[in-house]
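Working notes, beginning with the structure itself.
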Amino acid sequence: MIKKSVFFLFFYLVSSVILGQSSTFQVWTETGCRGKLSKKFEYNLSLTNRFSDFKLVTFFPQLTLKYKLSDWCKPSLDYRMISDREDNGNYLLSQRLNFNLSLEKDIQRMSASIRFRYQYSFKGITSNYEPEFDNAIRVKPAISYNFKGKIIKPILSSEIFYNPSFGLYGKRVTRIRNFIGFDLNLKGPHDLQIGYFFDQKVNLPNQNNRHVLSLDYCYNLSYKSKKETTKKS
């Protein structure tokens with residue numbers, strides 16, 4: 001059953017890429033750090049840069065606060081200040097809040113999760129609706145597998161954007177973002193993820209799809225080595 005589910009999701013990702021029409025290629029990088037405020041509260045600080053045609057087209061710092069309600073339920077709040085490049089070279093600013101609820105379940109070596117997100121923008125970046133920057137409801141199921149003795153942990157996910165407004169493009173799914181990649185289980189406080197996104201607009205004009213190479217690095221400030229743990233115990 002698990003193998004069939006993984007195969008179906010992989011086939012769906014590949015089919016989406018093949019059927020895509022107009023498209024662009026981008027590179028997204030994210031660097032940051034995370035730590036703990038208490039046993040229940042975590043924080044994350046990060047900076048994301050998005051490049052297209054050798055130009056920085058979007059960048060945003062983000063602050064995340066996450067609460068561990070239980071081992072399988074984690075609500076969180078993100079704050080972003082987004083800068084997006086126009087065709088004339090100017091960068092327009094917007095602020096956004098993400099209200100998240102993540103549910104996770106481990107099944108032997110496989111992990112299944114789903115994230116529900118409501119994003120609220122204080123100021124729209126463009127006059128037309130853009131699912132990346134305007135108000136939206138997003139649902140993101142994902143699966144990963146932890147191979148015994150391997151540093152690579154493969155990940156598959158698919159995220160759906162829904163516009164809840166009553167405007168011209170409201171009450172519809174507006175974007176589907178598929179991802180395939182892997183986490184590298186590095187020793188020490190370093191987290192690294194490498195992957196590929198196929199980012200597809202749907203039910204909107206100018207459906208320019210994006211092929212994205214994603215590189216994420218995070219430093220864990222709360223990491224404690226085995227030696228430190230042994231000394232304290």
Side-chain angles (χ1 to χ4, degrees), residues 26-52 56-70 72-86 90-104 113-142 155 157 159-165 167 170 174-177 179 181 183 189-193 195 197 199 210 212 214-223:
Q26 293 190 353
V27 176
W28 295 357
T29 66
E30 180 180 318
T31 55
C33 62
R34 61 186 176 93
K36 290 186 177 182
L37 298 173
S38 66
K39 290 183 179 181
K40 294 288 187 178
F41 276 101
E42 298 180 6
Y43 68 90
N44 186 297
L45 293 169
S46 63
L47 175 64
T48 297
N49 297 295
R50 296 181 177 179
F51 300 90
S52 181
L56 180 62
V57 292
T58 305
F59 67 93
F60 53 86
Q62 175 171 297
L63 169 64
T64 298
L65 295 175
K66 181 184 292 185
Y67 180 73
K68 184 179 179 181
L69 193 63
S70 66
W72 57 271
C73 182
K74 298 176 182 178
S76 62
L77 175 66
D78 307 325
Y79 169 75
R80 290 182 181 180
M81 181 170 286
I82 305 168
S83 297
D84 191 62
R85 189 178 189 274
E86 290 190 305
N90 294 330
Y91 285 88
L92 298 182
L93 295 178
S94 176
Q95 299 181 72
R96 197 176 90 194
L97 288 174
N98 297 328
F99 301 90
N100 310 303
L101 178 64
S102 296
L103 307 177
E104 304 172 3
S113 66
I114 185 167
R115 186 188 69 190
F116 301 94
R117 167 176 289 178
Y118 173 69
Q119 64 181 44
Y120 177 78
S121 296
F122 295 101
K123 179 183 178 183
I125 286 186
T126 60
S127 57
N128 297 322
Y129 174 77
E130 169 53 52
E132 272 275 58
F133 303 118
D134 290 287
N135 301 337
I137 295 172
R138 298 162 58 171
V139 181
K140 181 183 178 182
I155 304 168
S157 70
E159 186 168 21
I160 297 173
F161 292 62
Y162 178 80
N163 181 3
S165 70
T174 53
R175 184 186 291 276
I176 299 175
R177 178 178 292 169
F179 175 80
D183 284 335
H190 310 285
D191 298 329
L192 181 64
Q193 184 182 94
F197 284 103
D199 200 40
R210 293 185 294 194
V212 179
S214 175
L215 304 169
D216 296 350
Y217 170 79
C218 185
Y219 185 88
N220 185 0
L221 295 172
S222 300
Y223 173 81

(message) Could you tell me if Tyr219 and His190 have a donor-acceptor pair between their side chains, going purely by distance under 3.5 Å?
(response)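 Note: His190 and Tyr219 side chains miss the donor-acceptor criterion.
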
Side-chain heavy atoms of [X] within contact of [Y], under 4.5 Å:
X: Leu56; Y: Tyr91; result: yes
X: Arg177; Y: Phe161; result: yes
X: Lys66; Y: Arg34; result: no
X: Asp183; Y: Asp191; result: no
X: Ser94; Y: Asp84; result: no
X: Leu77; Y: Tyr67; result: no
X: Arg175; Y: Glu132; result: yes
X: Phe51; Y: Val57; result: no

Nearest-0.5 Å distance, [atom1] of residue [X] to [atom2] of residue [Y]:
X: Ser83; Y: Phe60; atom1: OG; atom2: CZ; result: 10.5 Å
X: Asp216; Y: Leu192; atom1: CG; atom2: CG; result: 8.0 Å
X: Asn49; Y: Thr29; atom1: CG; atom2: OG1; result: 4.5 Å
X: Leu215; Y: Gln193; atom1: CG; atom2: CD; result: 10.0 Å
X: Asn163; Y: Asp134; atom1: CG; atom2: CG; result: 7.5 Å
X: Ser165; Y: Ile137; atom1: OG; atom2: CD1; result: 10.0 Å

(message) Tyr79: which residues meet the side chain to side chain contact (heavy atoms under 4.5 Å, CB included) condition with it, sequence neighbours left out?
(response)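 Partners of Tyr79 under the side chain to side chain contact (heavy atoms under 4.5 Å, CB included) test: Met81, Gln95, Leu97.
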
(message) Tell me every residue that passes side chain to side chain contact (heavy atoms under 4.5 Å, CB included) with Asn98, counting only those two or more places apart in sequence or in another chain.
(response)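 Checked Asn98 against side chain to side chain contact (heavy atoms under 4.5 Å, CB included); matches are Gln62, Asp78, Arg80, Arg96, Asn100, Arg117, Gln119.
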
(message) So does Lys36 get a backbone contact from the side chain of Ser222, meaning a donor-acceptor N/O pair under 3.5 Å?
(response)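 Yes, because the side chain of Ser222 sits within donor-acceptor range (under 3.5 Å) of the backbone of Lys36.
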
(request) May I ask you to decide if the ring planes of Tyr118 and Phe99 are parallel, tilted or perpendicular, using 30° and 60° as cut-offs? (result)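 Parallel: the ring planes of Tyr118 and Phe99 meet at under 30°.
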
(request) Could you tell me if the ring centre of Phe122 sits under 6.0 Å from that of Tyr120? (result)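 Yes: the rings meet the under 6.0 Å criterion.
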
Heavy-atom closest contact ([X] atom, [Y] atom, distance):
X: Pro164; Y: Tyr162; value: CD-O, 3.2 Å
X: Asn135; Y: Ser121; value: OD1-N, 2.7 Å
X: Gly195; Y: Phe179; value: CA-CE1, 3.5 Å
X: Leu69; Y: Pro75; value: CB-CD, 4.0 Å
X: Leu221; Y: Gly35; value: CB-CA, 4.5 Å

Taking only distance into account, with no hydrogens and no angle test, what donor-acceptor pairs under 3.5 Å do side-chain atoms of residues 37-46 form with protein atoms, sequence neighbours excluded?
residue: Ser38; atom: OG; partner: Lys40; partner atom: N; Å: 3.4
residue: Ser38; atom: OG; partner: Phe41; partner atom: N; Å: 3.2

(request) Carefully, step by step, assess Arg50 and Glu30 under the rule salt bridge (Lys or Arg N to Asp or Glu O under 4.0 Å). (result) CA-CA 9 Å; Arg50 296 181 177 179; Glu30 180 180 318; over 6 Å; no

(request) Would you mind checking if Arg115 and Glu159 are paired as a salt bridge, meaning a charged N to carboxylate O distance below 4.0 Å? (result)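 Result for this pair is yes, salt bridge flagged.
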
